[in-house]
Amino acid sequence: MKRIVLFASGSGTNAENIILYFNQMQTAKVVAVFSNNPNAKVLERSQKLQVPTVVFSKAELHDGFVLEKLQEFNPDLIVLAGFLLQFPTSIIGKYPDRIINIHPALLPKYGGKGMYGMNVHAAVLENKELETGITIHHVNEYYDEGNVIFQKSVGIEDCQTPEAIAEKIHQLEQEHFPSVIEKILNPKS
């Protein structure tokens with residue numbers, strides 16, 4: 001069975017969805033959730049689902065602590081699900097092409113430092129885009145510049161607020177993120 005480690009900084013709805021999805025599958029299992037935010041709701045969600053959690057500081061992300069902890073869990077895939085810190089090259093180098101992220105826009109549009117969550121949706125609305133979507137991509141040393149694995153778009157002509165766009169994006173994330181992870185881990189299935 002393949003081993004997934006999730007990284008999240010916030011509420012954890014994507015993380016919870018991924019955990020529940022793989023609890024029903026026989027192909028992979030979420031073995032840990034890592035968070036840089038000791039107050040993140042994702043920790044509570046993970047603990048309820050009996051998934052071990054690791055909380056760390058920004059300094060520990062870079063000083064070897066997180067890499068050491070990761071190695072204890074021996075992940076086949078590292079999934080960033082609403083993780084807001086830039087991933088260190090020391091970890092990227094140890095797990096080449098085995099770290100993925102989901103971004104709430106159609107990259108390369110609306111990517112880069114500071115472009116996350118409502119910041120993205122507000123920019124999309126402000127620019128009067130007719131569609132937006134999600135991008136699942138490999139993680140490299142630059143924000144949102146890794147190779148694109150999957151994109152799905154959605155029309156937003158009817159959206160008047162960033163929150164309305166966020167709701168459509170959340171639906172896409174819930175629908176597609178787990179199955180894309182499944183395909184990455186088991187390309188022949």
Inset, instruction - Please determine, by modelled atom types, if Ser9 and Asn36 share a side-chain donor-acceptor pair under 3.5 angstrom. - result: yes
Inset, instruction - Could you grab the distance from atom CZ of Phe34 to atom OG of Ser46, nearest 0.5 Å is fine? - result: 11.5 Å
Inset, instruction - Side-chain contact test, heavy atoms from C-beta onward, threshold under 4.5 Å: evaluate it for Asn17 versus Pro178 and give yes or no. - result: yes
Inset, instruction - Report the relative orientation of the aromatic rings in Phe83 and Phe7; use parallel for angles under 30°, tilted for 30 to 60°, perpendicular for over 60°. - result: perpendicular
Legend entry - Atom pair CG/CE of Asp144 and Met115 - distance to nearest 0.5 Å: 9.0 Å
Inset, instruction - Measure the shortest side-chain to side-chain distance between Val31 and Val51 over non-hydrogen atoms and say whether it is less than 4.5 angstrom. - result: no
Inset, instruction - Verify whether one side chain among Asn140 and Glu145 offers a donor that lies under 3.5 Å from an acceptor in the other. - result: no
Inset, instruction - Would you tell me whether Thr135 and Gln151 have side-chain atoms, one donor and one acceptor, within less than 3.5 Å of each other? - result: yes
Legend entry - Beyond-backbone contact of Phe22 with Lys29, side-chain heavy atoms, under 4.5 angstrom: no
Inset, instruction - Output the distance between atom CD1 (Ile78) and atom CZ (Phe87), rounded to the nearest 0.5 Å. - result: 5.0 Å
Inset, instruction - Using a 4.5 Å cut-off on heavy atoms from C-beta on, say whether the side chain of Leu77 contacts that of Tyr95. - result: no
Side-chain donor-acceptor distances from residues 119-128 under 3.5 Å, at least two apart:
| residue | atom | partner | partner atom | Å |
| --- | --- | --- | --- | --- |
| Asn119 | ND2 | Gly114 | O | 2.8 |
| Asn127 | ND2 | Tyr110 | OH | 3.0 |
| Asn127 | ND2 | Ala123 | O | 3.2 |

Inset, instruction - Evaluate the criterion side chain to side chain contact (heavy atoms under 4.5 Å, CB included) for residue pair Leu61 and Phe56; output intermediate values, then yes/no. - result: CA-CA 7 Å; Leu61 181 61; Phe56 58 90; 4.0 Å; yes
Legend entry - Qualifying residues under salt bridge (charged side-chain N to carboxylate O under 4.0 Å, His left out), relative to Lys109, sequence neighbours excluded: Glu129
Inset, instruction - Could you tell me the separation between the CG atom of Asn23 and the CD1 atom of Ile18, rounded to the nearest 0.5 Å? - result: 12.0 Å
Inset, instruction - Please round to the nearest 0.5 Å and tell me the distance separating atom CD1 of Ile136 and atom CG of Leu107. - result: 11.0 Å
Legend entry - Donor-acceptor under 3.5 Å (Lys168 side chain, Val154 main chain): no
Inset, instruction - Would you indicate whether Lys2, at its atom NZ, is surrounded by more than 12 heavy atoms from other residues, nucleotides or ligands within a distance under 6.0 Å? - result: yes
Inset, instruction - Applying side chain to side chain contact (heavy atoms under 4.5 Å, CB included), run through Gln171 and Glu175 and close with a yes or a no. - result: CA-CA 6 Å; Gln171 288 172 0; Glu175 183 180 345; 5.9 Å; no
Legend entry - Ser57 side-chain N/O to Glu60 backbone N/O, donor-acceptor pair under 3.5 Å: yes
Legend entry - Atom pair OG1/CD of Thr13 and Glu173 - distance to nearest 0.5 Å: 7.0 Å
Legend entry - No-hydrogen, no-angle side-chain donor-acceptor test under 3.5 Å, Asp97 and His138: no
Legend entry - Test item: Ile169 and Ile134 side chains (from C-beta on) under 4.5 Å apart, heavy atoms: yes
